[in-house]
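Computed from heavy atoms alone, side chains included, the values below leave out hydrogens, waters and symmetry copies. Convention: sequence-line order gives letters A, B, ...; per-chain numbering from 1.
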There are 2 protein chains.
Amino acid sequence: MTSEALARALNTNPVVVRRLMGGLREHGYVHSEKGHGGGWTLSCQLDQVTLRDIYEALDAPRLFAIGNRSEETECLVEEAVNHAMSSVLADVKAQFLARFGQITLAALHADFHQRLAERHGPTTLCK
Amino acid sequence: MTSEALARALNTNPVVVRRLMGGLREHGYVHSEKGHGGGWTLSCQLDQVTLRDIYEALDAPRLFAIGNRSEETECLVEEAVNHAMSSVLADVKAQFLARFGQITLAALHADFHQRLAERHGPTTLCK
DNA sequence: CACTCTAGCAACACATGAAGTTACATGAGA
DNA sequence: TCTCATGTAACTTCATGTGTTGCTAGAGTG
């Protein structure tokens with residue numbers, strides 16, 4: 001599939017697709033070919049790759065919208081709060097990664113087919 | 001303490017302080033007085049209020065920096081991914097709230113005093 | 001060899017939301 | 001009545017993620 005086709009399916013821009021896919025390519029989950037007839041191909045086993053792998057291949061984007069204002073501070077109050085917050089957020093992030101690590105692409109693939117089978121009405125897939 | 005003094009201590013602006021404190025006041029954690037000699041006073045027991053209470057008094061700001069692009073979609077693939085993501089994020093958020101619910105302001109207060117006692121050198125508190 | 005189609009990439013533009021700022025109204029003491 | 005404080009709306013600034021443009025390079029086609 002070309003970046004252009006993917007972008008249409010995802011309602012976004014080919015360059016955005018390439019940026020994202022670049023991370024996946026570096027980890028060998030997909031492969032890209034330039035030139036005529038080129039585009040992206042899958043190059044992994046769906047049951048061998050988890051959402052956690054994807055998250056990390058995408059360079060582990062910031063998970064939390066909250067956090068310490070600054071890591072280093074002179075203020076002992078801030079220090080105490082930072083310490084408590086960091087500890088909680090680290091544990092929670094670990095749980096997040098563990099959960100994502102249990103969801104394979106194969107599971108999502110199966111879920112998709114389940115939804116497709118249950119779907120009434122016309123089944124237009126991608127644009 | 002006045003918003004102005006708090007703002008100096010927090011390296012921010014009095015209006016920002018008032019915005020934040022407003023949430024705390026609505027929940028009865030602090031009290032404010034206008035006019036000459038006015039300002040903010042604490043009006044709760046530190047061991048009765050947790051970080052979770054504060055978080056919720058601050059109107060439970062968005063916790064995660066990631067999430068579904070849109071809740072409603074025609075796309076079955078997106079639907080499957082959203083379902084998996086939402087489930088994980090909801091559970092993780094619950095764990096976050098539970099952890100924050102165990103941290104009282106009294107505990108932070110104690111931690112601060114511990115740090116203060118251990119501190120070498122001059123002890124300048126707030127500006 | 002020229003042409004077309006594709007990814008790769010840098011640089012720029014835009015959108016969103018949080019944080020900070022200004023201006024003014026209101027209330028309370030001196 | 002003057003000063004000092006909060007309350008609040010409106011505006012500005014800043015950071016970040018997303019989208020866009022323009023160009024390069026590689027790969028097949030005629």
Side-chain angles (χ1 to χ4, degrees), chain A residues 1-43 54-71 73 75 78 81-82 85 89 126-127, chain B residues 1-43 54-71 73 75 78 81-82 85 89 126-127:
Chain A
M1 233 178 154
T2 64
S3 306
E4 213 278 328
L6 281 167
R8 245 180 297 125
L10 296 168
N11 288 314
T12 183
N13 187 290
V15 179
V16 175
V17 171
R18 287 185 199 117
R19 278 210 283 256
L20 292 173
M21 299 293 274
L24 302 184
R25 184 187 50 226
E26 280 170 26
H27 284 72
Y29 303 140
V30 295
H31 172 77
S32 66
E33 297 253 10
K34 283 185 174 181
H36 200 113
W40 300 90
T41 48
L42 200 56
S43 62
I54 303 295
Y55 173 75
E56 285 167 348
L58 261 33
D59 241 38
R62 200 165 53 100
L63 178 57
F64 296 111
I66 66 176
N68 301 342
R69 267 188 102 139
S70 59
E71 284 312 317
T73 176
C75 175
E78 189 175 358
V81 175
N82 280 356
M85 287 254 298
L89 292 185
C126 286
K127 294 173 195 168
Chain B
M1 233 179 151
T2 64
S3 306
E4 213 277 328
L6 281 168
R8 244 180 297 125
L10 296 169
N11 288 315
T12 183
N13 188 290
V15 179
V16 175
V17 171
R18 287 185 199 119
R19 278 210 283 255
L20 292 173
M21 299 292 274
L24 302 184
R25 184 187 49 226
E26 281 171 24
H27 285 71
Y29 302 140
V30 297
H31 172 77
S32 65
E33 298 254 11
K34 283 185 174 180
H36 203 115
W40 300 90
T41 48
L42 200 56
S43 61
I54 303 295
Y55 173 76
E56 285 168 349
L58 261 33
D59 240 38
R62 200 164 54 101
L63 178 57
F64 295 110
I66 65 176
N68 301 342
R69 262 179 100 109
S70 59
E71 283 312 318
T73 175
C75 175
E78 188 175 356
V81 174
N82 280 356
M85 287 252 299
L89 292 185
C126 287
K127 295 172 194 168

Legend entry - A/T41 vs A/E33, side-chain contact (heavy atoms from CB on, under 4.5 Å): CA-CA, chis, key distance, verdict: CA-CA 8 Å; A/T41 48; A/E33 297 253 10; 5.6 Å; no
In whole Å, I'd like the distance from the [atom1] atom of [X] to the [atom2] atom of [N].
| X | N | atom1 | atom2 | answer |
| --- | --- | --- | --- | --- |
| B/L20 | D/dT6 | CG | P | 14 Å |
| B/L24 | D/dT6 | CG | P | 14 Å |
| A/H31 | C/dT6 | NE2 | P | 15 Å |
| B/N13 | C/dG20 | CG | C1' | 6 Å |
| A/M1 | C/dT6 | CE | C1' | 15 Å |
| A/M21 | C/dT6 | CE | C1' | 14 Å |
| B/L10 | C/dT21 | CG | C1' | 17 Å |
| A/R8 | C/dT6 | CZ | P | 10 Å |

Inset, instruction - Look at the side chain of A/V16 and decide which nucleotide, out of C/dC9, D/dC4, D/dG19, has an atom nearest to it. - result: D/dG19
Inset, instruction - State which of D/dG17, D/dC4, D/dT20 makes the closest approach to the side chain of A/V15. - result: D/dT20
Legend entry - Nearest-nucleotide comparison on DNA chain D, the residue closer to the 5′ end among B/R69 and B/G35: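 The answer here is B/G35.
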Legend entry - 5' precedence on DNA chain D between A/E33 and A/T12 (nearest-nucleotide basis):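 Nearest-nucleotide comparison on DNA chain D picks A/T12.
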Inset, instruction - Calculate, to the nearest 0.5 Å, the distance between atoms CE and CZ belonging to B/M85 and B/R69 respectively. - result: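 Between atom CE of B/M85 and atom CZ of B/R69 there are 11.5 Å.
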Inset, instruction - By nearest nucleotide on DNA chain C, pick out whichever of A/G37 and A/G22 is the more 5' one. - result: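 Its nucleotide being nearer the 5' end, the pick is A/G37.
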Inset, instruction - Would you check if A/E78 and A/S70 make a side-chain contact, meaning some heavy-atom pair closer than 4.5 Å? - result: yes
Legend entry - Min side-chain heavy-atom separation B/L6-B/T12 under 4.5 Å: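 No; the side chains remain at least 4.5 Å from each other.
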Legend entry - C/dG20 base / B/R19 side chain donor-acceptor hit below 3.5 Å: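 Result: at least one qualifying N/O pair found.
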Is any side-chain N or O of [X] closer than 4.0 Å to OP1 or OP2 of [N]?
| X | N | value |
| --- | --- | --- |
| B/S32 | D/dT6 | no |
| A/T2 | C/dT6 | no |
| A/R18 | C/dA10 | no |

Inset, instruction - Mind running side-chain contact (heavy atoms from CB on, under 4.5 Å) on A/W40 and A/T2 for me, showing each step along the way? - result: CA-CA 6 Å; A/W40 300 90; A/T2 64; 5.9 Å; no
